[in-house]
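Read the structure below first, then the notes.
This is a predicted model, so every value here is computed, not measured.
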Amino acid sequence: MSNKQTRLPRPVESERVALKARKVSFSWEDTPLHWVPGDPFATHTINVLHLLLPAGERWFVHVYKQVLPYIRDERLREDVIGFIGQEAMHSQAHDEVLPHLKELGLDPTPYTAQVDWFFEKLLGDRTLPPGKARKWWLMERVAIIAAIEHYTAFLGNWVLNAEELDRRGADPTMLDLLRWHGAEEVEHRSVAFELFMHVDGSYRRRARTWATAFTALVFLWQRGARFFMENDPTLAAGRARFKDFYVSGKQGVLPATGDMLKSIPRYLSRAYHPSQEGSTEQALAYLASSPAATAADRRVA
C-alpha cells in the first residue's frame, strides 16, 4: 500500500505573497545581557536562537540549493529562491549577536561548535553513490526542514503576539530582531512543506522526520539554555529547569508548553497545511513598521 497522502492538504491561497530578502542591520551596543529585565532565564532561553539559527539556516540554504533541480513548478521555484534569500539573511543577523554576547562575558563558542557539528556533519552531505541512496538522503533532509519550519513559524507567530515582553520592558532592538525574523517565518511558512509535498509527499516520511526534528530541537534547546545559564557571569549558580520554562510560558514571556504540545497533532494531521496557521496580514503589518525592515527598504529605494 502506498504511504502517499490520500487527502491533499489545502492551502489558503490568500496567504501566499512574493518573498524577498530584507537586508536588515542592528546595533547591539545598548542591549544588556539580560534584555528581558530581571529575567535571565527567559532571556537566555530565547537567546538559544542566536546559537541554533546561524548554522541551521545555512544548512537549509545548502540543502535547498541541491533540491532546486527537482522542482517542476515555476511558482514554487520562485518561492524557494525567495526562502533561500530570507534564510541566509536570518543566519547573518543572528550570527552578529554572538560577538556582543562575548563582549558581555558570555562566550558562546563551545556550544556553537557543537551545533555546527550537528548540522554540518550529522545532517550534512554524505559520501553516497549517485542514484537512490543519494536522493533518499536529500529527501530526508527536505522533510526534516519542513518539520523544523513548522516550529519556526509557531515561534514566529508567538513572538509577534508576545505582548508580555513589551510589558516587561524587553530591549527594543532585540524585540525588533525577533519580530522581524518571526514575521518572515510566518510570511514563508508554507514553502518548506509545499516543497516536501512536491518532491516527495510521503506521510510516513513526514511523521518519521517530525519525530527526528522535534527530538533534536528539544535536546539542543534545553542544552543551549543550560549552557547560557551556567556560564552567565552575573549568576552564581544559574540553572535551566523545565519547571522554569513551564512557569515562564504561563506568564507569557516564553511560548506556553500546552500550545507547543497542541502543535504536534496539527502537523501530523493529513489535512495539515501551514497557511492555515498564523496570519500573513499580521506579519506584513509588522514588517511595514519594523525599524530594521523599513530602514532596509529605504536603503534599497
Side-chain angles (χ1 to χ4, degrees), residues 14-32 35-36 46-62 64-65 68 75-103 108 112 145 148-149 151-163 165-166 170-192 195 274-275 278-301:
S14 63
E15 292 294 303
R16 181 185 180 272
V17 295
L19 302 175
K20 65 176 181 178
R22 299 168 179 89
K23 296 183 178 180
V24 299
S25 62
F26 300 90
S27 179
W28 297 111
E29 59 265 19
D30 295 326
T31 298
W35 55 265
V36 181
I46 299 175
N47 274 346
V48 176
L49 286 169
H50 310 312
L51 306 182
L52 291 178
L53 292 177
E57 293 185 314
R58 285 194 298 268
W59 176 72
F60 289 4
V61 170
H62 178 74
Y64 274 17
K65 286 181 177 178
L68 279 173
R75 191 174 81 162
L76 179 60
R77 178 186 294 274
E78 291 175 7
D79 288 342
V80 171
I81 291 171
F83 177 98
I84 287 172
Q86 289 189 340
E87 293 295 317
M89 195 65 234
H90 297 168
S91 174
Q92 178 182 321
H94 285 277
D95 218 6
E96 290 173 354
V97 180
L98 301 183
H100 178 64
L101 294 177
K102 192 171 183 178
E103 289 173 1
T112 54
I145 292 172
I148 293 173
E149 280 292 297
Y151 287 101
T152 58
F154 170 86
L155 292 172
N157 187 51
W158 172 77
V159 78
L160 285 173
N161 295 284
E163 296 177 357
L165 291 176
D166 299 277
D171 178 71
T173 303
M174 187 63 77
L175 273 185
D176 190 35
L177 166 66
L178 296 172
R179 287 176 172 159
W180 156 74
H181 185 173
E184 289 198 347
E185 290 297 333
V186 172
E187 185 184 33
H188 71 222
R189 65 195 182 280
S190 297
V191 176
L195 176 61
S275 64
S279 167
T280 299
E281 181 180 7
Q282 182 187 28
L284 293 178
Y286 182 77
L287 292 169
S289 64
S290 158
T294 54
D297 287 340
R298 287 194 299 270
R299 286 193 294 271
V300 172

List in chain and number order the residues that pass side-chain contact (heavy atoms from CB on, under 4.5 Å) with [X], two or more places apart in sequence or in another chain; answer none if no residue qualifies.
X: A288; answer: none
X: E96; answer: Q92
X: S290; answer: D176, W180, Y286, A292, A293
X: T152; answer: I148, E149, E185

In Å, rounded to the nearest 0.5 Å, how long is the span from [atom1] of [X] to [atom2] of [Y]?
X: L53; Y: R58; atom1: CG; atom2: CZ; value: 10.5 Å
X: L287; Y: L160; atom1: CG; atom2: CG; value: 8.0 Å
X: L49; Y: L155; atom1: CG; atom2: CG; value: 6.5 Å
X: E87; Y: L19; atom1: CD; atom2: CG; value: 10.0 Å
X: I84; Y: Q86; atom1: CD1; atom2: CD; value: 11.5 Å

So which heavy atom on [X] is nearest to which on [Y], and how close?
X: L51; Y: P108; answer: CD2-CB, 3.4 Å
X: A283; Y: E187; answer: CB-N, 4.4 Å
X: S275; Y: S190; answer: N-OG, 3.3 Å
X: A162; Y: D166; answer: O-OD2, 3.6 Å

message: Determine whether H94 and L52 satisfy the following criterion, side chain to side chain contact (heavy atoms under 4.5 Å, CB included), listing intermediate values before the conclusion.
response: CA-CA 9 Å; H94 285 277; L52 291 178; over 6 Å; no
Are any non-hydrogen side-chain atoms of [X] and [Y] less than 4.5 angstrom apart?
X: L178; Y: W158; result: no
X: I145; Y: W59; result: yes
X: M89; Y: E57; result: no

task: Using the test side-chain hydrogen bond (donor to acceptor under 3.5 Å, both in side chains), find all partners of H62 that sit at least two apart in sequence or belong to another chain.
output: Q66, D125
query: Within the distance-only criterion (no hydrogens, no angle test), does the side chain of R189 pair as donor or acceptor with the backbone N or O of A153 below 3.5 angstrom?
result: no
- prompt: Any sub-3.5 Å donor-acceptor pair from T294's side-chain atoms to P291's backbone N or O?
  reply: yes
- request: Apply the side-chain hydrogen bond (donor to acceptor under 3.5 Å, both in side chains) test between W35 and each candidate in T173, D171, N47; give the one that qualifies.
  value: N47
task: Output, in order, the C-alpha distance, side-chain angles, deciding distance and verdict of side chain to side chain contact (heavy atoms under 4.5 Å, CB included) for M174 and H50.
output: CA-CA 11 Å; M174 187 63 77; H50 310 312; 3.5 Å; yes
- request: Go through the side-chain N and O atoms of T280 and Q282 and say whether any donor and acceptor fall under 3.5 Å apart.
  value: no
Residues forming a ring pair (Phe, Tyr, Trp, His ring centres under 6.0 Å) with F83, sequence neighbours excluded: Y64, H188
Test log, rule side chain to side chain contact (heavy atoms under 4.5 Å, CB included), inputs W28 and L177: CA-CA 11 Å; W28 297 111; L177 166 66; 3.6 Å; yes
Pair E29-S27, side chain to side chain donor-acceptor pair (under 3.5 Å): steps then yes or no: CA-CA 6 Å; E29 59 265 19; S27 179; 2.5 Å; yes
task: Give the C-alpha distance, both sets of side-chain angles, the deciding distance and a yes or no for salt bridge (charged side-chain N to carboxylate O under 4.0 Å, His left out) between D297 and K23.
output: CA-CA 8 Å; D297 287 340; K23 296 183 178 180; over 6 Å; no
